[in-house]
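The block underneath contains the structure these notes are about, expressed in structure tokens.
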Amino acid sequence: MGTSEFSWKLADHPKLPKGKTIGLVVLDGWGEANPDKYNCIHVAETPTMDSLKKGAPEKWRLVRAHGTAVGLPSEDDMGNSEVGHNALGAGRIFAQGAKLVDYALASGKMFEGEGFKYIKESFDAGTLHLIGLLSDGGVHSRLDQLLLLLKGASEQGAKRIRVHILTDGRDVLDGSSVGFVETLENELANLREKGVDAQTASGGGRMYVTMDRYENDWGVIKRGWDAHVLGEAPYKFRSGLEAVKRLREETGANDQYLPPFVIVDENGKPVGPVVDGDAVVTINFRADRMVMLAKALEYENFDKFDRVRFPKIRYAGMLQYDGELLLPSHYLVAPPEIERTSGEYLVHNGVRTFACSETVKFGHVTFFWNGNRSGCFNPEMEEYLEIPSDSGITFNVQPKMKALEIAEKARDAILSRKFHQVRVNLPNSDMVGHTGDIEATVVACKAADEAVKMIIDAIEQVGGIYVVTADHGNAEDMVKRNKKGAPLLDKDGNIQILTSHTLQPVPLAIGGPGLAPGVRFRKDVPNGGLANVAATVMNLHGFEAPSDYEPTLVEVVDN
Ligand SMILES: O=C(O)[C@H](O)COP(=O)(O)O
Ligand SMILES: [Mn+2]
Ligand SMILES: [Mn+2]
């Protein structure tokens, strides 16, 4: 498409009217799976979602939400919020961070790029620090990529390497941290044999140390800063393996919430604080949970907590995490360029939009939805509302979260008739699902269902249209299964709780009094995925989608 002929103007849909209010609901972590007792959505009372499914076979379907359908490397990759909301909002499938990093490593291009050359300047005199999530979850980072980066960096002359590890247990099974640390530390030992001074330096559980998001709790970043940069933490060990094993046993914390620790030498001195002249790479490819640390590492002026020391370092992200803020300014792999999202088109075509969620998912319906772009396209046409999340708790103690508040704000926005699109993310099934607490997840699913009802009721009142979907699975399957689908037991005979997302498809339902007669789901896009939703929604707003968008899922038949 040459820029001269480009236009934001969308063609009118030949049959569908403009001006309807659309309530667009994303249930976070709400997949479709066979009913059983580990399917919290099935166990919960969810009359609203049940009626959408039962009532109208032509207005309810499943869409793919994992793997290549959302730009991930393979069909073994579960969906996640970033890629899910990117696909929903952008209407096309972009190769995502995981895939881009794989390619940059396999081709060697990573080591020829500007970002790597920049950090390499520190290899002679300084230490290379790698900080990030240590697992094979593939949502924020991948262990195999870290190992390749370690190998590549040492081949490129890094002589002293320190790894700062954040244990997972959220995108992977709880307890799996032990195996991941073992693999890492074996590799570090191999490097030491080759003359590279390489070891683990600090760490903690991802939800308690370093990986907060959307500025929900800066205390999390401070704990990480103290451990990784200052070399200070309440727990001290001689190796990462000892740290993870002993902290799990002695504090009872799970992988997600391990307290911060530092690795010390035989004299009790931390082995790897970050000091002037060092290089730092944050190895996560996904943005949301690295932006806060990136600010602390990069910004000269910073007032979120007392950094005590602000070392002069060369810092690069695995990717650039925020394209608007250009943060960090150096990165090893260029992020996907997601342009011409549906939100931007619709704003140019007069569609007034309201978007809302609570803090923990606010960036999902705004930043991720808009192709990793912060803020509104046009503040006169859009209002984005963030409801503060509870912080400092695990959401199984508050499984209703802010679902009611989000639904009330959406209801009010719909009834105000000021907006054509009222878009929300309801976090409950995902955030509580990640805690692995089955009872609480059932409560969470019920609360989300009630919120959907409130939004649909408001849509009924204004003669509008609802579109209800999800970004990936989570709460519909809370147990790890074997290939035949039977629950797996651990060595003590307990079921292995699945805290992660799943490979399941998600529902997509349309309806409401404003839906023109004859609108129904097409039968000829059986493999439709989240990226097909954007064109579908554009049609329901009365527009044709751009020709390079994934096809719409609706057709209009004459009655
Ligand atoms: O960051 C998280 O909480 C999980 O790794 C993924 O969850 P999300 O993709 O639903 O945000
Ligand atoms: Mn999600
Ligand atoms: Mn999640």
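Counting starts at 1 for both ligands and their atoms, following the listed order.
Under the rule for a side chain to side chain contact (heavy atoms under 4.5 Å, CB included), the partners of Glu32 that lie at least two apart in sequence or sit in another chain are Lys53, Trp60, Leu62. Judged as a side-chain hydrogen bond (donor to acceptor under 3.5 Å, both in side chains), and not counting sequence neighbours, the contacts of His330 are Glu114.
Closer than 4.0 angstrom to ligand 1 sit non-hydrogen atoms from Asp28, Asn80, Ser81, Val139, His140, Arg170, Asp171, Arg206, Arg213, Arg286, Arg289, Lys361, His364, Asp430, His434, His472, His501.
The environment of CD in Glu75 is crowded: more than 12 heavy-atom neighbours from other residues, nucleotides or ligands sit within 6.0 Å. The neighbour count for Glu337 CD, taken as heavy atoms of other residues, nucleotides or ligands under 6.0 Å away, does not exceed 12. In the displayed structure, Lys409 atom NZ is contacted under 6.0 Å by at most 12 heavy atoms of other residues, nucleotides or ligands.
Within a radius of less than 2.8 Å around the Mn ion (ligand 2), the protein N, O or S atoms are Asp28 OD1, Ser81 OG, Asp471 OD2, His472 NE2.
Trp369 places a side-chain heavy atom less than 4.5 Å from the side chain of Val26.
No side-chain donor-acceptor contact under 3.5 Å links Ser391 and Asp217.
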Quiz item: Given Phe395 and His434, is the ring pair (Phe, Tyr, Trp, His ring centres under 6.0 Å) satisfied, shown in steps?
Solution: CA-CA 9 Å; Phe395 287 103; His434 280 304; over 10 Å; no
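For the pair Asp171 and Arg206, the salt-bridge criterion is met [side-chain N within less than 4.0 Å of a carboxylate O].
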